[in-house]
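Structure first, commentary second.
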Number of protein chains: 2
Amino acid sequence: MSKRSIVAQEEQGGSKESAKGILSSVGRRATSQRTLLLELIREAQGHLDAPELYRLAREKDPRISLSTIYRNLSMLKAMGFINELHFAEEHHHYEIKPQAEHFHLLCVRCGHVIEFESPLTESLKAELTKRHGFTITSTAIDLAGFCPDCRGE
Amino acid sequence: MSKRSIVAQEEQGGSKESAKGILSSVGRRATSQRTLLLELIREAQGHLDAPELYRLAREKDPRISLSTIYRNLSMLKAMGFINELHFAEEHHHYEIKPQAEHFHLLCVRCGHVIEFESPLTESLKAELTKRHGFTITSTAIDLAGFCPDCRGE
DNA sequence: GTACTTGCAAACTGTTTGCACATCA
DNA sequence: TGATGTGCAAACAGTTTGCAAGTAC
């Protein structure tokens, strides 16, 4: 498995189509801005923050506004279509909500993010549920360090 | 192990003394504000954010300013005495840097935080180091859900 | 046509900074 | 006494909101 192994993208199909489907399934209108935003998040090989999505969006639609980006990101989050990530930074990053739960390994030098899954995380959750009686609803595991390329520096 | 099991506080001793020791060990002056701040973070049974620490600090020293809180929090963080936590929220929480690495289990309803350690986390790190060639420098594991008391609701 | 969305500008929140005064070593 | 630290106010960054105009259904 290469270290560039971002978890495979959803089989594309027609992303505009699926954007429309996703939105109408929750009674939201499929505006061009929303379709564009969903495409960008889906295509993005990384995990983008709002200003970055704004920058990309303006390349395709120069009239789009930053508040539209924010409004739609929180709508998509509320609807459960995307995840908001909180690395050890001030702002948020977004990703399409993955089918399988996964976690993040961030290179603090080049910013590259690797997603991973591990059976150990399930064991951890089970252990905690048993030990503390919690009903666990969300799990964030974010490790950071230097990737093989940046370790030399 | 009770569910109120916040990891035991450092054997206190004299917290003012140790504050002074901590600060002078890195060539920083032990001002009353810093001593107070360190005491508050140490005493706090939870993980407080800056505005909360400010509120508490003003009860003891009404003239203290919020920027002093921020300045000293980032100094203490830079010196490695405290950790900055990023739950899935906008602002930061702080805790005295623990001897043993530990992680967090947050109740989303009452805000109660349980700290835990688990050998599984070491296995996870080892697995990732091996699989992706990373040198891991920081690990954040934050789970959230409902604690036994709040689960009924 | 009408309710939902957008763009814009202005407001807000958490945090940082410049500067004159105060204080610890 | 001189470097370090504080308080205050003003600046910032990221994000949210009110409102009039625009658009999907």
Side-chain angles (χ1 to χ4, degrees), chain A residues 16-17 19-38 40-41 47-79 81-82 84-94, chain B residues 16-17 19-38 40-41 47-79 81-82 84-94:
Chain A
K16 278 189 191 165
E17 280 323 301
K20 190 161 198 164
I22 281 175
L23 292 166
S24 66
S25 76
V26 291
R28 297 308 172 109
R29 293 182 180 171
T31 64
S32 61
Q33 295 91 331
R34 284 176 180 168
T35 307
L36 173 56
L37 182 60
L38 275 169
L40 289 174
I41 300 176
H47 297 79
L48 306 177
D49 57 15
E52 184 76 1
L53 285 164
Y54 178 48
R55 201 179 56 69
L56 291 172
R58 282 209 295 188
E59 288 176 9
K60 304 233 174 169
D61 172 4
R63 310 205 43 242
I64 200 169
S65 90
L66 183 55
S67 34
T68 296
I69 303 287
Y70 277 113
R71 262 189 293 236
N72 285 321
L73 285 173
S74 46
M75 185 270 280
L76 291 169
K77 181 175 62 153
M79 297 299 157
F81 295 132
I82 62 176
E84 191 176 67
L85 308 176
H86 302 255
F87 293 127
E89 294 172 41
E90 290 51 41
H91 52 305
H92 309 153
H93 291 241
Y94 298 87
Chain B
K16 278 191 192 163
E17 280 322 302
K20 192 160 197 164
I22 282 175
L23 292 167
S24 66
S25 75
V26 291
R28 296 310 171 108
R29 294 181 179 170
T31 64
S32 61
Q33 294 90 332
R34 283 176 181 169
T35 307
L36 173 56
L37 183 60
L38 275 169
L40 290 174
I41 300 176
H47 298 77
L48 306 178
D49 56 15
E52 184 76 2
L53 285 164
Y54 177 49
R55 201 179 57 68
L56 291 171
R58 282 209 296 187
E59 289 176 7
K60 303 232 174 173
D61 172 3
R63 310 204 43 241
I64 200 170
S65 89
L66 183 55
S67 32
T68 296
I69 302 289
Y70 276 113
R71 263 189 292 236
N72 285 321
L73 285 174
S74 46
M75 186 270 278
L76 291 169
K77 182 175 60 153
M79 296 299 158
F81 296 131
I82 61 176
E84 191 178 67
L85 308 176
H86 302 255
F87 293 128
E89 294 173 41
E90 291 52 41
H91 52 306
H92 309 153
H93 291 240
Y94 298 87

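Just so we're on the same page: letters track the sequence lines, and every chain starts at 1. Everything numeric in this text was worked out from a predicted model, so none of it was measured.
- Scanning atom types as modelled, one donor and one acceptor separated by under 3.5 angstrom connect the side chain of A:Arg71 and the base of C:dG7.
- Here B:Asn72 lies in heavy-atom contact (under 4.0 Å) with sugar-phosphate atoms only.
- Taking the side chain as every heavy atom from C-beta outward, B:Phe81 and B:Val26 approach each other to under 4.5 Å.
- The OG1 atom of B:Thr68 sits 13.0 Å away from atom CG of B:Leu53, with the distance rounded to the nearest 0.5 Å.
- For the OP1/OP2 pair of C:dT23 and a distance below 4.0 Å, the side-chain nitrogens and oxygens of B:Gln33 include no atom meeting the criterion.
- Checking the phosphate oxygens (OP1, OP2) of C:dT5, a side-chain nitrogen or oxygen of A:Arg34 falls inside 4.0 Å.
- Looking only at side-chain heavy atoms (C-beta outward), A:Leu37 and A:Arg71 stay at 4.5 Å or farther from each other.
- Under 4.0 angstrom from either OP1 or OP2 of D:dT15 there lies at least one side-chain N or O belonging to A:Tyr70.
- To the nearest angstrom, P of C:dC8 lies 13 Å from CD1 of A:Ile69.
- Regarding A:Tyr54, its OH atom lies at a distance of 15 Å from the P atom of D:dA13, rounded to whole Å.
- Across the protein-nucleic acid pair, A:Lys20 atom NZ and C:dT5 atom P stand 14 Å apart, rounded to whole Å.
- Under the 4.5 Å side-chain criterion, counting only non-hydrogen atoms from C-beta, B:Leu73 is in contact with B:Ile41.
- Looking only at side-chain heavy atoms (C-beta outward), A:Ser67 and A:Tyr54 stay at 4.5 Å or farther from each other.
- For the pair A:Asp61 CG and D:dT23 P, the computed distance is 11 Å after rounding to whole Å.
- Scored by the side chain to side chain donor-acceptor pair (under 3.5 Å) test, B:Arg34 finds B:Asn72 as partners (sequence neighbours excluded).
- Taking 4.0 angstrom as the limit, B:Thr31 places none of its side-chain polar atoms (N or O) nearer than this to OP1 or OP2 of D:dG5.
- Donor-acceptor pairing under 3.5 Å, judged by distance alone, is absent between the side chain of A:Arg29 and the base of C:dT5.
- The distance from the CG atom of B:Leu56 to the CG atom of B:Asp61 is 12.5 Å, given to the nearest 0.5 Å.
- Taking atom CG on A:Leu66 and atom P on D:dA13, their separation rounds to 13 Å, with Å as the unit.
- We find that CE of A:Met75 is positioned 19 Å from P of C:dA3, with the value rounded to whole Å.
- Distance CG (B:Leu76) to P (C:dT15): 15 Å, rounded to an integer number of Å.
- Remark on the helix from C:dG1-D:dC25 to C:dA25-D:dT1: inter-end axis angle 30°, axes from five-pair C1' superpositions, rounded to 10°.
- Between A:Thr68 and the phosphate of C:dG7, there is a side-chain N or O to OP1/OP2 separation shorter than 4.0 Å.
- Distances were taken from every side-chain heavy atom of B:Ser65 (C-beta onward) to each of C:dA25, C:dG7, D:dG7; the shortest belongs to D:dG7.
- Atom CG of B:Leu23 and atom C1' of D:dT4 are 13 Å apart (whole Å).
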